[in-house]
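Both ligands and their constituent atoms are indexed starting at 1 by order of listing. The analysis underlying the following values was restricted to heavy atoms, covering all of them including side chains, and did not include hydrogens, waters or symmetry mates. Since the model is a prediction, treat every value here as computed from it, not as a measurement.
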Amino acid sequence: MGDEWEEEETKTTTSSFSSNGVSNGTSSWNSGGGGGVDNNGNKRGFFGGGGDSGGRGRGGRGGFKGFSSGGDDNGNDTEGSSGGGRGGFRGRGGRGGGRGFRSDSGDDGNQDGGSGRRGGQGSFRGGSQEERGGGGGYRGKDEDNFSKVSTGDGETEGDERPKVTYVPPPLAEDEDTIFAHYASGINFNKYDDILVDVSGLNPPQAIYTFKEACLCESLERNVAKSGYVKPTPVQKHGIPIIAAGRDIMACAQTGSGKTAAFLLPILQKLMADGVAASSFSEQQEPEAIIVAPTRELINQIFLEARKFAHGTCVRPVVLYGGISTGHQIRDLLRGCNVLCGTPGRLMDMIGRGKVGLTKLRYLVMDEADRMLDMGFEPEMRRLVGSPGMPSKEERQTLMFSATYPEDIQRMAGDFLKKDYLFLAVGVVGGACSDVEQKLVQVTKFSKRDQLLDILKNTGTERTMVFVETKRQADFIASFLCQENVATTSIHGDREQREREQALGDFRSGKCPVLVATSVAARGLDIKDVQHVVNFDLPNNIDDYVHRIGRTGRCGNTGQAVSFYDPEQDNQLARSLVKILSSAQQEVPSWLEQSALGAHGTSGFNPVGRVFASTDSRKTGGFQSGGSDQSSAAPSAAADEEEWE
Ligand SMILES: Nc1ncnc2c1ncn2[C@@H]1O[C@H](COP(=O)(O)OP(=O)(O)OP(=O)(O)O)[C@@H](O)[C@H]1O
């Protein structure tokens with residue numbers, strides 16, 4: 001066993017360098033062409049910008065990316081994928097009323113010229129129509145991606161690429177590590193005041209305690225060891241819905257316990273039915289598959305599943321890109337009941353015949369709106385259309401997110417049984433009410449100084465700084481290190497080893513500042529993140545909601561500061577006003593003015609609703625409680641490449 005399974009890695013010939021000794025020289029990142037700091041801490045002119053480095057082969061911004069395979073939407077995860085080729089318009093450009101493109105203004109002089117075009121077999125996909133090409137498609141603005149080359153679907157470029165040999169360190173087996181958790185915060189009990197709406201026929205009764213969930217002994221013990229005393233609203237309603245065999249589309253604010261809401265009833269059922277992992281088969285047939293958009297998130301979900309299944313016969317396994325395929329296959333073949341995967345690697349394993357689908361009972365999409373967005377929708381359709389996959393009538397499909405745009409809700413119906421239940425906890429698409437949100441008006445030239453001012457005050461408190469592009473992430477991380485702020489970074493051009501190191505250094509507090517692209521926007525549950533800074537605002541309001549949701553989790557409070565550049569962020573003004581007001585946050589008058597003057601403001605009402613049920617089946621349309629579709633959904637282009 002071994003080499004035959006090793007897939008090719010995408011080529012990212014960027015150099016790594018240490019963080020200038022600021023963080024003891026342990027954190028490193030790719031210089032990414034924006035300059036940076038070398039191993040000796042020498043500046044490499046990152047303020048100069050503009051030049052590509054390290055042979056990354058960038059095209060220009062906003063170019064067409066012709067990716068070579070169907071798996072390419074998912075970056076590294078799709079290496080070696082054996083499915084058929086496909087292309088597609090990349091990004092959210094087609095979503096209702098305005099997911100267009102925002103061209104990157106090339107802050108800090110980093111604007112590259114021209115457009116990058118590769119492939120040439122692109123297909124354009126808009127609305128409900130899809131014209132399939134052999135591969136390729138519009139990719140969006142971040143030209144960094146041109147350094148990535150898919151190796152999936154029989155494309156031959158792989159010969160040039162190094163193999164992915166990274167094997168993560170073995171997981172700790174001691175209970176202290178497995179059950180490590182942070183305390184719920186002072187606002188945990190306030191979750192009970194949030195209005196809940198369950199729509200659909202005959203919803204089962206909610207539970208109020210974990211006792212009522214009738215979990216088997218070992219599961220109940222593991223829940224208690226995890227520090228869970230009482231369920232959160234999404235758990236109170238979600239657990240009995242899933243236990244009753246119903247499909248669900250669940251929406252609840254960030255950090256409110258959605259992961260356990262789907263894991264516990266699944267594990268309970270598998271344990272009650274006496275399911276046990278078996279290593280006697282060359283093809284594993286899991287009873288549950290969970291998909292999520294990024295490597296780090298799916299790994300986190302896996303660790304949660306492993307925690308709850310500890311000491312039982314149920315065996316979770318995780319699959320994601322950037323890691324040796326051989327290593328993952330060996331792990332898989334030790335037995336698998338709950339398979340957690342990013343779509344590309346999962347489809348790869350299905351294509352290789354290592355994963356069979358005939359026993360599947362549960363299909364879970366975490367960050368479901370993202371999983372059905374344009375980047376992943378084709379992959380999800382391929383998954384449910386794979387040989388052996390039970391039809392939607394024969395399996396249970398569970399969708400969870402904090403945001404659900406209307407068009408995604410409608411499309412989700414293709415995957416769910418007709419009588420699915422829609423669970424809305426609070427405002428659909430709303431921001432977490434435990435996050436204090438502040439908007440600061442800036443110019444693009446003042447951002448760095450303002451960031452430094454903020455970080456002077458936050459000191460060693462953990463802070464995530466979100467930027468729009470991978471290059472910007474490198475650039476800002478370099479800058480902060482130069483300023484003696486212990487910083488690390490995470491983005492899609494970093495090797496998996498570096499990504500995991502960066503998260504580890506951030507989690508441990510070694511580097512209290514993490515500069516991240518949207519790859520870290522969703523789902524990540526990191527203890528003690530007290531601050532989120534949107535150095536660049538994202539292109540759409542849903543990403544904003546997820547990003548600021550990295551703080552203020554599980555009843556704890558947090559703060560989010562967002563730099564608003566009127567020249568750049570005007571299209572987000574209306575949605576921001578709605579999000580702020582519906583979370584009872586102060587709305588700056590200048591932002592209200594911007595919103596009133598912004599394009600398409602008819603019907604604008606700055607007074608946010610406290611609660612809105614937005615099951616699109618009820619209304620035949622969509623009433624967004626928190627997010628405004630026209631402005632909620634712009635381009636997405638920049639972050640798209642960041643998803644796995
Ligand atoms: N009932 C509970 N009691 C105590 N802690 C809980 C409970 N449920 C979940 N948690 C903890 O709350 C934190 C947030 O949970 P989780 O990551 O599932 O949130 P989420 O709703 O999925 O967030 P996101 O939308 O960002 O993905 C985790 O640390 C989790 O262990």
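Looking from atom 23 (O) of ligand 1 to the surrounding protein, the closest heavy atom is Gly255 N, 2.8 Å. Among all protein heavy atoms, the one lying closest to atom 25 (O) of ligand 1 is Lys258 NZ, 2.6 Å.
Classification of Arg370 and Asp542 as a salt-bridged pair fails, no side-chain N sitting under 4.0 Å from a carboxylate O. Arg553 and Asp525 are joined by a salt bridge, as a carboxylate oxygen and a charged side-chain nitrogen come within less than 4.0 angstrom of each other.
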side-chain contact (heavy atoms from CB on, under 4.5 Å) assessment of Leu383 paired with Met347: CA-CA 7 Å; Leu383 174 62; Met347 292 309 295; 3.8 Å; yes

Worked check of side chain to side chain donor-acceptor pair (under 3.5 Å) between Asn539 and Gln571: CA-CA 8 Å; Asn539 286 324; Gln571 43 88 22; 4.7 Å; no

Verdict with supporting geometry, Arg361 and Arg395, side-chain contact (heavy atoms from CB on, under 4.5 Å): CA-CA 5 Å; Arg361 296 199 234 165; Arg395 64 169 195 259; over 6 Å; no

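Checked against a 3.5 angstrom limit, the closest N/O atoms of Thr259 and ligand 1 fall inside it. Where the criterion is an N or O separation shorter than 3.5 Å, residue side chain and backbone included, Cys554 fails it with respect to ligand 1. Polar contact check, Ala260 against ligand 1: no nitrogen or oxygen pair lies under 3.5 Å apart. Considering backbone and side-chain N/O of Ser184, none are found under 3.5 Å from N/O of ligand 1. For a threshold of 3.5 Å applied to N or O pairs, the pair formed by Arg550 and ligand 1 contains at least one separation below that value.
Residue-ligand proximity, Glu367 to ligand 1, at heavy-atom distances under 4.0 Å covers atoms 27 (O). Which parts of ligand 1 touch Gln253 is read off a 4.0 Å heavy-atom cut-off, strictly below it: atoms 21 (O).
Take Glu500 and apply the salt bridge (Lys or Arg N to Asp or Glu O under 4.0 Å) test, not counting sequence neighbours, and it matches no residue.
Selection from Arg522, Arg553, Gln235, His546 by nearest heavy atom to atom 26 (O) of ligand 1 gives Arg553. If you check each of Leu297, Leu264, Asp525, Thr232 against atom 29 (O) of ligand 1, the one with the closest non-hydrogen atom is Asp525. Nearest residue to atom 7 (C) of ligand 1 from Tyr182, Tyr228, Tyr191, Phe210 is Tyr228 (criterion: closest heavy atom).
A donor-acceptor pair is defined here as one N or O able to donate and one able to accept, closer than 3.5 Å; such a pair exists between the side chain of Arg550 and the backbone of Ala521. Not one N or O on the side chain of Tyr420 forms a donor-acceptor pair closer than 3.5 Å with the backbone of Leu398. At least one donor-acceptor pair closer than 3.5 Å links the side chain of Ser401 to the backbone N or O of Thr403.
Contact annotation: Phe400 has no heavy atom less than 4.0 Å from any atom of ligand 1. Residue contacts with ligand 1 include Lys230, since one of its heavy atoms falls under 4.0 Å from the ligand. Assignment of Ala252 to the shell around ligand 1 is not supported, since no heavy atom sits closer than 4.0 Å. Heavy-atom separations between Ser256 and ligand 1 include at least one value shorter than 4.0 Å. The closest approach between any non-hydrogen atom of Lys527 and ligand 1 is not below 4.0 Å. Contact between His181 and ligand 1 is absent, with no heavy atom of the residue lying under 4.0 Å from the ligand.
Checked against the 6.0 Å centroid criterion, the rings of His310 and Phe179 qualify as a close aromatic pair.
Ring geometry for Phe262 against Phe400 counts as tilted: the plane angle lies between 30° and 60°, on a 0 to 90° scale.
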